[in-house]
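In what follows, every heavy atom counts, from backbone to side chain, and hydrogens, waters and symmetry copies are set aside.
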Amino acid sequence: MKFRCMIILAGMSILFLSGCATLNKEQCLRGDWRGVGWTDGMNGEPAVRIEQHREACAEYGVRPDQKLYMDGRAEGLRQYCELDNAFQTGLDGKPYRGVCPPDIHPLFLRYNNAAYEVYQARRQIEQLHDNITYKYNQMESRKTSKEDKIRLRRAINDDERKLDDLRNDLRDRERWLDRLMAEARRNQRK
């Protein structure tokens, strides 16, 4: 439960910090550099992120406290680098940026990559499905010529074959991900 709350908080922080500038005027002036660092750590941001904050806050005459930021980021990274989070971040479409300690890095990378591949396969299926739906709608239009309807039908058939292949690929990737998740659970029990 505690882990889920942290994930939700991190997700909210992403929304809070998103935009063109990494921080707004109020955040810069508040100067909660430990909190900003923690949020960045929880989101798996590399240490160079502080440079983006420095640029965002320069126009307000504020300079980040690097020590507080790095202390907070280290705390956030300890939670981010839990192996369960490798799966969750990958399934959420967030690739790993190589921020975990060397003893955890290889497994985190492996687990995140497998989960991220499942995410990408699901997105491809969703996009192809949307494309097929769009073509069906075009076919149904009274404005579509008979020749265009024939062309659209062929394109739909091709897309449906691709969709079958993608679904098979997704099943394989999900099976592999299930094996890795089982492996992670076994290793946690040891």
**Request:** Indicate whether the side chain of Gln88 and that of Asp92 have a donor and an acceptor atom separated by less than 3.5 Å.
**Result:**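 Judged by distance alone, the side chains do pair up.
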Can you tell me how far [atom2] of [Y] sits from [atom1] of [X], rounded to the nearest 0.5 angstrom?
X: Asp172; Y: Arg167; atom1: CG; atom2: CZ; answer: 14.5 Å
X: Arg78; Y: Cys100; atom1: CZ; atom2: SG; answer: 12.5 Å
X: Asp159; Y: Lys162; atom1: CG; atom2: NZ; answer: 5.0 Å
X: Glu126; Y: Leu166; atom1: CD; atom2: CG; answer: 12.5 Å
X: Gln27; Y: Cys57; atom1: CD; atom2: SG; answer: 8.0 Å
X: Asn131; Y: Ile156; atom1: CG; atom2: CD1; answer: 9.0 Å

Between [Y] and [X], does any NZ, NE, NH1 or NH2 come within less than 4.0 Å of an OD or OE carboxylate oxygen?
X: Glu160; Y: Lys135; answer: no
X: Asp158; Y: Arg154; answer: no
X: Arg161; Y: Asp165; answer: no
X: Glu51; Y: Arg54; answer: yes

**Prompt:** Does the pair Arg30 and Glu26 meet the rule for a salt bridge (Lys or Arg N to Asp or Glu O under 4.0 Å), with working shown?
**Reply:** CA-CA 6 Å; Arg30 186 176 328 123; Glu26 180 184 324; 3.1 Å; yes
So which heavy atom on [X] is nearest to which on [Y], and how close?
X: His53; Y: Thr22; answer: ND1-OG1, 2.7 Å
X: Leu83; Y: Ile104; answer: CD2-CG2, 3.9 Å
X: Tyr80; Y: Gly41; answer: CB-O, 3.2 Å
X: Ile50; Y: Gln66; answer: CD1-CA, 3.7 Å
X: Pro95; Y: Gly93; answer: CD-O, 3.4 Å
X: Ala47; Y: Met70; answer: CB-CE, 3.6 Å

**Request:** Could you walk me through whether Arg151 and Asp148 pass salt bridge (Lys or Arg N to Asp or Glu O under 4.0 Å), step by step?
**Result:** CA-CA 5 Å; Arg151 182 187 52 79; Asp148 284 342; 3.8 Å; yes
Could you tell me whether [X] atom [atom1] has more than 12 heavy atoms of other residues or ligands within 6.0 Å of it?
X: Tyr134; atom1: OH; value: no
X: Arg63; atom1: CZ; value: no
X: Lys67; atom1: NZ; value: no
X: Glu140; atom1: CD; value: no

**Message:** For a side chain to side chain contact (heavy atoms under 4.5 Å, CB included) check, start with the C-alpha distance between Arg122 and Glu174, then their side-chain angles and the critical distance, and finish with the verdict.
**Reply:** CA-CA 10 Å; Arg122 288 175 180 167; Glu174 286 175 333; 2.9 Å; yes
**Request:** Decide side chain to side chain contact (heavy atoms under 4.5 Å, CB included) for Glu75 and Arg34; before the verdict, give the C-alpha distance in whole Å, the side-chain angles of both, and the deciding distance to 0.1 Å.
**Result:** CA-CA 9 Å; Glu75 289 172 21; Arg34 181 180 216 84; 2.8 Å; yes
Is there side-chain contact between [X] and [Y], with at least one heavy-atom pair below 4.5 Å?
X: Pro64; Y: Val36; answer: no
X: Arg123; Y: Gln120; answer: no
X: Leu170; Y: Gln124; answer: no

Linking I/L/V/M/F/W/Y whenever any side-chain heavy atoms sit under 4.5 Å apart, do [X] and [Y] land together?
X: Tyr136; Y: Leu152; value: yes
X: Tyr116; Y: Met181; value: no
X: Met42; Y: Val99; value: no
X: Phe87; Y: Tyr119; value: no
X: Val62; Y: Tyr69; value: yes

**Request:** Go through the steps to decide whether Ile132 and His129 satisfy the test side chain to side chain contact (heavy atoms under 4.5 Å, CB included), and finish with yes or no.
**Result:** CA-CA 5 Å; Ile132 291 169; His129 188 268; 5.7 Å; no
**Request:** List the steps and the verdict of side-chain hydrogen bond (donor to acceptor under 3.5 Å, both in side chains) for Arg49 and Gln52.
**Result:** CA-CA 5 Å; Arg49 179 80 165 164; Gln52 295 168 328; 2.9 Å; yes
**Prompt:** Under 3.5 Å, side chain of Asp65 to main-chain N/O of Trp33, donor-acceptor pair present?
**Reply:**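 Checking the backbone N and O of Trp33 against the side chain of Asp65, no donor-acceptor pair under 3.5 Å is found.
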**Prompt:** Counting distance only, does the side-chain N/O of Thr144 pair as donor-acceptor with the main-chain N or O of Gln138 below 3.5 Å?
**Reply:**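 Flag set: sc Thr144 to bb Gln138 pair under 3.5 Å.
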With a 3.5 Å cut-off and sequence neighbours excluded, list the donor-acceptor pairs that the side chains of residues 108-115 form with protein atoms.
| unit_1 | atom_1 | unit_2 | atom_2 | d |
| --- | --- | --- | --- | --- |
| Arg110 | NH1 | Glu183 | OE2 | 3.0 |
| Tyr111 | OH | Glu183 | OE2 | 2.7 |
| Asn112 | OD1 | Tyr96 | N | 3.0 |
| Asn112 | ND2 | Ala86 | O | 3.3 |
| Asn112 | ND2 | Thr89 | OG1 | 2.9 |
| Asn112 | ND2 | Lys94 | O | 3.2 |
| Asn113 | ND2 | Leu109 | O | 3.4 |

**Request:** Would you check, one step at a time, whether the test side chain to side chain contact (heavy atoms under 4.5 Å, CB included) holds for Asn85 with Gln79?
**Result:** CA-CA 8 Å; Asn85 197 39; Gln79 294 171 9; over 6 Å; no
